[in-house]
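First comes the structure, then the notes that go with it.
As the structure is a computational prediction, the values presented were derived from the model and not from experiment. In this chain, numbering begins with 1 at the start of the sequence shown.
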Amino acid sequence: MGGAYSSTCMWWAFLDLFGVSMIVPLLNHHMKSLGASPTTAGIIGSCYGILQLFSSSIVGSWSDIVGRRYSLIACIVISALGYGLLGVSINIYIYAIARIPVGIFKHSLSISKAFLSDLASEKERPHVMGRFNAASSMGFILGPVVGGYLAELQGGFYMTSLICTVIFIINAGLVWIMPQTGEKLNIFAHPDSSVTLRINQPPDSSISHNLQEDNGKKPNNAAQTVVAQIISVFKKVTGVAFSEMWDIFLVRLLMAISVMLYYSNFALAMEERFHMTPRMTGFLISYGSTLGALAGFSLGPLSRLYQYNTYTMLLHSSVLTFFSILVYSVAPKMWIVILSSTFLAFSTSIGRTCIVDLELTLGEQHGSGTLIGVGQSVTSVGRILVPLLSGIAQEYSPCGPPQLGAVLALASIFLMYKSKLGYSYSSHKKLKAA
């Protein structure tokens, strides 16, 4: 895989989450300044989550059809317009409208991951994805610091929105000027095909071509082309939804919910259990985020240590996640909490990369954009469920949410163990193909 493309994607990831994380912590405060009630703010936030839930798989599938470059540029530019409109929102109605294009098209990171999976061989994919996640995590760590500083200035929110918009435009420019590559796309190349697909050629051009034919005649107008794309997107998404990959997506959902439950009341639990100040809790969260970012760089050596067996890596990281959450939930001393946070940051970083790699390996016939998009939709379902589950668990105890998370993590481990044969077969298939 070309180093230039890998480095460019790292910059995309860093700048993307750096820009977003500058502005996201300021959104609730800005809504309050516009006169929005907590209920209105909650409704707008929920609508954004619902848009992300349904659009991620559709946009991912669309990128399989029209090509990564063009879909990535479209998503970045439209998201930039949304953040720009956010910066000039003078009332809650403009603010709500500004969240719509971002909710639908803010999938640049998902398409970038699909782009990387197209370029990387199956053996090096975990390493490349780990570096990508590390770069994005670094952006997420630095962004809130810069955004918080700017927010203290007069007109700080509008200045932050403008900078975020400029960052997205710069990202779109990086995608636009990136030279074309003639490297093969591992995910979409079919064994019986003699055609070499390229990054700027839509991976499903043959599917789109067939859909556009009507009794041997090829329609030339744009409307029919759009209809063909819509039909193809629908077929690809439903193909994944009704495939035999339900177990891997269920594992993803359970692990995502377990980790989100751990963080759902973290600050409140630290205050009640150990009388920690919000400042110290923030330092502890930043410590875990930094470790998680650094862990992404360990995927290469770790993959070689495990002989590129992604299933075993995922299973072991999930076991470590389970014990870390469980130990945290019953920890009597602060040093035990810090120790469990250290292992959890490492295990979740490894697990996120491995689950994506397994999805791409088990469902390679569906297209990486569709698979990553559906995976993001599954995670969005977890984000919708977690506040409810966390609230119910907190009625029992401040330790209730992480204890429930540990139970769900254990359930995902059991599910992975029951599906061991299929996962192991896919991992060994990669080794033989190498």
Side-chain angles (χ1 to χ4, degrees), residues 125-127 129-130 133-134 137 245-264 266 287-289 291-331 335-362 375 378-379 382 386 389 393 399-428 430-431:
R125 189 165 59 203
H127 171 60
M129 288 293 187
N133 291 336
S137 296
M245 295 182 62
W246 64 268
D247 51 352
I248 189 66
F249 286 123
L250 183 56
V251 167
R252 179 179 183 134
L253 177 62
L254 291 173
M255 289 305 300
I257 293 177
S258 67
V259 174
M260 285 188 279
L261 282 170
Y262 168 87
Y263 287 109
S264 63
F266 188 80
Y287 165 75
S289 300
L291 284 181
L294 295 176
F297 294 106
S298 68
L299 262 297
L302 201 59
S303 295
R304 290 190 290 272
L305 178 65
Y306 276 85
Q307 298 182 330
Y308 304 97
N309 191 327
T310 306
Y311 161 76
T312 305
M313 288 174 61
L314 177 61
L315 181 61
H316 289 176
S317 67
S318 299
V319 171
L320 185 57
T321 297
F322 161 70
F323 280 111
S324 298
I325 296 176
L326 181 63
V327 169
Y328 158 75
S329 68
V330 298
W335 69 267
I336 300 179
V337 173
I338 297 174
L339 184 64
S340 64
S341 297
T342 302
F343 286 110
L344 183 68
F346 183 81
S347 64
T348 52
S349 179
I350 301 299
R352 281 197 302 269
T353 304
C354 290
I355 197 76
V356 172
D357 187 59
L358 261 185
E359 289 170 2
L360 295 174
T361 301
L362 295 173
V378 170
T379 304
V386 163
L389 295 176
C399 300
Q403 288 173 353
L404 177 58
V407 171
L408 295 178
L410 185 62
S412 72
I413 293 169
F414 176 76
L415 181 58
M416 275 187 279
Y417 180 78
K418 296 293 288 185
S419 306
K420 180 178 180 179
L421 182 60
Y423 294 165
S424 299
Y425 169 75
S426 298
S427 297
H428 287 306
K430 289 203 302 182
L431 284 173

For this session: Report the C-alpha distance between Leu360 and Met129 in whole Å, list the side-chain angles of each, state the deciding distance to 0.1 Å, and finish with yes or no for side chain to side chain contact (heavy atoms under 4.5 Å, CB included).
Result: CA-CA 12 Å; Leu360 295 174; Met129 288 293 187; 4.2 Å; yes
Flag yes if more than 12 heavy atoms outside Tyr306 fall under 6.0 Å of its OH atom; otherwise flag no. yes
Q.
Does Phe323 have more than 12 heavy atoms from other residues, nucleotides or ligands lying within 6.0 Å of its CZ?
A. no
Q) Run the side chain to side chain contact (heavy atoms under 4.5 Å, CB included) check on Leu299 and Met313 step by step: do they pass? A) CA-CA 10 Å; Leu299 262 297; Met313 288 174 61; 3.7 Å; yes
Which heavy atom in [X] sits nearest to a heavy atom in [Y], and how many Å separate them?
X      : Y      : value
Val327 : Ser340 : CG1-CB, 4.4 Å
Ser264 : Pro401 : OG-CB, 3.7 Å
Ser303 : Pro126 : OG-CB, 3.6 Å
Gly405 : Ser258 : O-CB, 3.0 Å
Met416 : Ser318 : CE-OG, 3.1 Å
Val337 : Ala331 : CG2-CB, 3.8 Å

Quick check against the 3.5 Å criterion: does Arg252 have a side-chain atom that pairs as donor or acceptor with the backbone of Val378?
no
Any donor-acceptor pair under 3.5 Å from Ser317 side chain to Leu314 backbone:
yes
With Leu254 as partner, the option from Ile413, Leu408, Leu410 fulfilling side chain to side chain contact (heavy atoms under 4.5 Å, CB included) is Leu408
Kindly indicate, with the supporting measurements, whether the criterion side chain to side chain contact (heavy atoms under 4.5 Å, CB included) is fulfilled by Ser298 and Ile350.
-> CA-CA 9 Å; Ser298 68; Ile350 301 299; 3.8 Å; yes
Roughly how far, to the nearest 0.5 Å, is the [atom2] atom of [Y] from the [atom1] atom of [X]?
X      : Y      : atom1 : atom2 : value
Ser329 : Leu404 : OG    : CG    : 10.5 Å
Phe249 : Thr379 : CZ    : OG1   : 9.5 Å
Cys354 : Arg125 : SG    : CZ    : 11.0 Å
Tyr263 : Ser341 : OH    : OG    : 6.5 Å
Asp357 : Tyr311 : CG    : OH    : 15.0 Å
Met245 : Leu358 : CE    : CG    : 8.5 Å

Notebook entry, point to check: Given the side-chain rings of Phe414 and Phe322, with only the six-membered ring counted for Trp, is the space between their centroids under 6.0 Å?
Noted result: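 No; Phe322 has its ring centre 6.0 Å or more from that of Phe414.
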ask   = Does the pair Tyr328 and Phe266 meet the rule for a side chain to side chain contact (heavy atoms under 4.5 Å, CB included), with working shown?
value = CA-CA 10 Å; Tyr328 158 75; Phe266 188 80; 3.6 Å; yes
